[in-house]
J.: 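Dropping a structure here in structure tokens format, bear with me for questions.
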Amino acid sequence: MPNFIASSLKELSFPFGNDKIKFLWQANGRNERLIYTKNEDEGFFLVVKPGKNGVVVKGEKLTKPAKVGLLQESLELFKEQSCNGIISQAFAVKKTNLTKKVSEILSLEEFVPAFYELKDKFKEIFIEIGFGSGRHLLYQAKNNSNALVIGIEVYKPSIEQVAKLARASALENVRLINTDARLLLSLVGSNLVDRVFLHFPVPWDKAEHRRVVSSAFALECERILKLGGKFELRTDSKEYCDFSLSKFLEPTNSKIEAFKNRNLEVTSKYEDRWRRQDKDIYDVIYTCEVESGESVLVGDFSFKEKTNVKNIIKNFKNFIIKKEDHFLHFEEIYTINGGEILLKVAFGAFNKPEQCFIKISDEKSEYFIKKPILIRENLAAHELLKEYLADARDN
């Protein structure tokens, strides 16, 4: 995460910045401050917190923009205008960093309308989960010009780098999203996808619950794949191979092939390294043999009731509400001038949780910067949150 350490901060008077970058207001937490920042059309937080040798300033992980150049520019300006005595710096603003909107990179909020606009323009739809350097994803895009190739990656620098490579090769069929794959698959309609690739995921041998593959994931792949569509796992972990085989045997109709040391036309840099070390490579290929019903979900994430900010501040604590298939975790509270607060919460399904900020006044509550994804578990957790805010009003 880009960051720097300053010996101290100057007194901040909001708003400040320049014609392009604005630092609009701050929210004060128990151990850190959040600085709400706008750069071009993107809003995000900078985090200011005490460190061992000074004041640490960095991008806030949850709201960090996909285009890292926007964050780096903002850190540079904040350093120049607000800080005394720079002790160290772990970023450098480069002209090659993306700071403008590019069609290849989508936010999760932009994905649904973009996907349903694009899906009818292509004969096939491919999804690659965890594309890393993008070697395999770009190969598929170059060799399948009639396919929309969607890449999902949690490491934001990879998204920017692969977007540049796709643009340099004039590949108009690539779209990249920084998110958890399990969330994105929930947004894809049934019977639409031709191929799902999962190449060399982290095996998480001692934490199975963190794996991409699960019983729920196998059922979601069955739902989104077309009749005859394929899920393809490639891994150097025999344990992950065996685990995935067992999960993809759970759907009612399962056609599965398994291979050992199969040669592909394109390999990742990790596979090249492992082959030099004589490690075995395993493939699991699941073919969908059913047509699924359409998944229909109705609901929204609005807050219609008023609340009481003073009561929330007085009674706030870090705690978790657990239900059978969803949860709500109150993580942190921040106060804003003018009688407003921010709540940072995690919630939703246990195997695909989300984190969000809620900006709250006595008159209005709203998810801030990003809304949750419309899935059943998130809607259920949202109802718990509404009950919490209503209780604060009445107590």
J.: Please tell me whether Phe327 and Phe350 form a close aromatic pair, meaning their ring centres lie under 6.0 Å apart.
T.: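 Distance test on ring centres: under 6.0 Å, yes.
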
J.: Give a yes or no answer on whether the side chain of Asn191 reaches the backbone of Lys226 with a donor-acceptor pair at less than 3.5 Å.
T.: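 It does not hold such a pair.
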
J.: Dump the intermediate steps for side-chain hydrogen bond (donor to acceptor under 3.5 Å, both in side chains) on Gln89 and Lys79, then the final yes or no.
T.: CA-CA 10 Å; Gln89 178 171 314; Lys79 181 185 70 173; 2.5 Å; yes

J.: Would you please indicate if the ring centroids of Phe248 and Phe231 are separated by under 6.0 Å?
T.: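 Yes, they do, as the ring centres are separated by less than 6.0 Å.
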
J.: Please lay out, stage by stage, how Lys20 and Glu73 fare under the test side-chain contact (heavy atoms from CB on, under 4.5 Å).
T.: CA-CA 10 Å; Lys20 181 173 185 286; Glu73 285 180 346; 2.5 Å; yes

J.: I'd like to know if the side chain of Arg223 reaches the main chain of Val188, judged simply by a donor and an acceptor atom lying under 3.5 Å from each other, with no hydrogens or angles considered.
T.: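 The answer is yes, because a donor-acceptor pair under 3.5 Å joins these two groups.
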
J.: Do the ring planes of Phe115 and Phe111 sit parallel (below 30°), tilted (30 to 60°) or perpendicular (above 60°)?
T.: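 Judged by the thresholds at 30° and 60°, the geometry between Phe115 and Phe111 is parallel.
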
J.: Identify, with sequence neighbours excluded, every residue that meets side chain to side chain contact (heavy atoms under 4.5 Å, CB included) alongside Ser158.
T.: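 Expected list: Phe131, Glu153, Tyr155.
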
J.: Without swapping roles, check the side chain of Ser190 against the backbone of Gly293 for a donor-acceptor pair under 3.5 Å.
T.: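 Side chain of Ser190 to backbone of Gly293, a donor-acceptor pair under 3.5 Å: yes, one is there.
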
J.: So, Thr235 side chain and Ser237 main chain: donor-acceptor pair closer than 3.5 Å or not?
T.: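 Indeed, once roles are kept as given, a pair shorter than 3.5 Å links the two residues.
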
J.: If you take all heavy atoms of Leu75 and Phe4, which pair is closest and at what distance?
T.: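 Looking at all heavy atoms of both residues, the closest pair is O-CE2, 3.5 Å.
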
J.: Do other residues, nucleotides or ligands put more than 12 heavy atoms under 6.0 Å from the NZ atom of Lys352?
T.: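 Buried by this count: over 12 neighbours within 6.0 Å.
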
J.: Donor-acceptor check, side chain of Asn3 to backbone of Ala90, threshold 3.5 angstrom: yes or no?
T.: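 Answer holds: no.
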
J.: With a cut-off of under 6.0 Å to the ring centre and 45° to the axis, is Arg211 in cation-pi contact with Trp204?
T.: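 Output no; distance or angle outside limits.
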
J.: Between Lys386 and Glu305, does at least one N-O distance fall below 4.0 Å, as a salt bridge requires?
T.: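 No.
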
J.: With a 6.0 Å cut-off (strictly less than), is the heavy-atom count around CG of Asn31, excluding the residue itself, greater than 12?
T.: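 No.
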
J.: Closer than 3.5 angstrom, by distance alone: can the side chain of Asn18 be matched with the main-chain N or O of Ile21 as a donor-acceptor pair?
T.: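 Checking the backbone N and O of Ile21 against the side chain of Asn18, a donor-acceptor pair under 3.5 Å is found.
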
J.: Applying the salt bridge (charged side-chain N to carboxylate O under 4.0 Å, His left out) criterion to Asp283, which one of Arg234, Lys230, Lys260 satisfies it?
T.: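 Of the listed residues Arg234, Lys230, Lys260, the salt bridge (charged side-chain N to carboxylate O under 4.0 Å, His left out) partner of Asp283 is Arg234.
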
J.: Checking Glu104 side chain against Leu176 main chain: does a donor-acceptor pair fall under 3.5 Å?
T.: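 The answer is no, because no donor-acceptor pair under 3.5 Å joins these two groups.
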
J.: State, to 0.1 Å, how close Val284 and Cys241 come at their nearest heavy-atom pair, and which atoms those are.
T.: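 Looks like CG2-SG, 3.6 Å.
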
J.: Give me the atom names and distance for the closest heavy-atom approach of Ala392 to Thr307.
T.: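 That closest heavy-atom pairing would be CB-OG1, 3.6 Å.
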
J.: For Leu192 versus Ile125, what's the shortest heavy-atom pair and its separation?
T.: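 That closest heavy-atom pairing would be O-CD1, 3.6 Å.
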
J.: Would the Tyr240 and Tyr282 ring centres measure less than 6.0 Å apart?
T.: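 No, the ring of Tyr240 stays outside the 6.0 Å limit from the ring of Tyr282, centre to centre.
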
J.: Test your reading of the model: is there a side-chain donor-acceptor pair from Gln277 to the backbone of Lys279, 3.5 Å cut-off?
T.: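 A pair under 3.5 Å: no.
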
J.: Just one of Arg30, Arg33, Lys344, Glu32 clears the side chain to side chain donor-acceptor pair (under 3.5 Å) bar with Tyr334, so which one?
T.: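 Of Arg30, Arg33, Lys344, Glu32, side chain to side chain donor-acceptor pair (under 3.5 Å) with Tyr334 is met by Glu32 alone.
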
J.: Measure the shortest side-chain to side-chain distance between Lys370 and Leu62 over non-hydrogen atoms and say whether it is less than 4.5 angstrom.
T.: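 Side chain of Lys370 against side chain of Leu62, heavy atoms only: contact under 4.5 Å found.
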
J.: Any side-chain to backbone donor/acceptor pair from Ser145 onto Ala141? Under 3.5 Å, distance only.
T.: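 Between the backbone of Ala141 and the side chain of Ser145 there is no qualifying donor-acceptor contact (under 3.5 Å).
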
J.: Less than 6.0 angstrom separating the ring centers of Tyr36 and Phe45, yes or no?
T.: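 Yes; Phe45 has its ring centre under 6.0 Å from that of Tyr36.
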
J.: Any side-chain heavy atom of Leu185 within less than 4.5 Å of one from Ile127?
T.: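 In short, these two side chains touch, coming nearer than 4.5 Å.
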
J.: Ring pair (Phe, Tyr, Trp, His ring centres under 6.0 Å) between Phe319 and His329: does it pass, once the steps are laid out?
T.: CA-CA 6 Å; Phe319 75 103; His329 180 192; 8.4 Å; no

J.: Where is the tightest heavy-atom contact between Arg262 and Arg275, given as atom of each residue plus distance?
T.: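 Scanning both residues completely, I find the closest heavy atoms to be O-NH2, 3.2 Å.
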
J.: Any idea which heavy atoms bring Phe368 and Trp25 closest together, and the distance?
T.: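 Smallest heavy-atom distance, with atoms named: CZ-CZ2, 3.5 Å.
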
J.: Does the ring center of Phe126 lie less than 6.0 Å from the ring center of His136?
T.: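 Centroid separation for Phe126 and His136: 6.0 Å or greater.
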
J.: Kindly determine whether Lys306 and Ser361 satisfy side-chain hydrogen bond (donor to acceptor under 3.5 Å, both in side chains), including the steps that lead there.
T.: CA-CA 8 Å; Lys306 296 180 180 180; Ser361 69; over 6 Å; no

J.: Test Phe243 against Asp205 for side-chain contact (heavy atoms from CB on, under 4.5 Å), laying out the working first.
T.: CA-CA 10 Å; Phe243 175 86; Asp205 289 338; over 6 Å; no

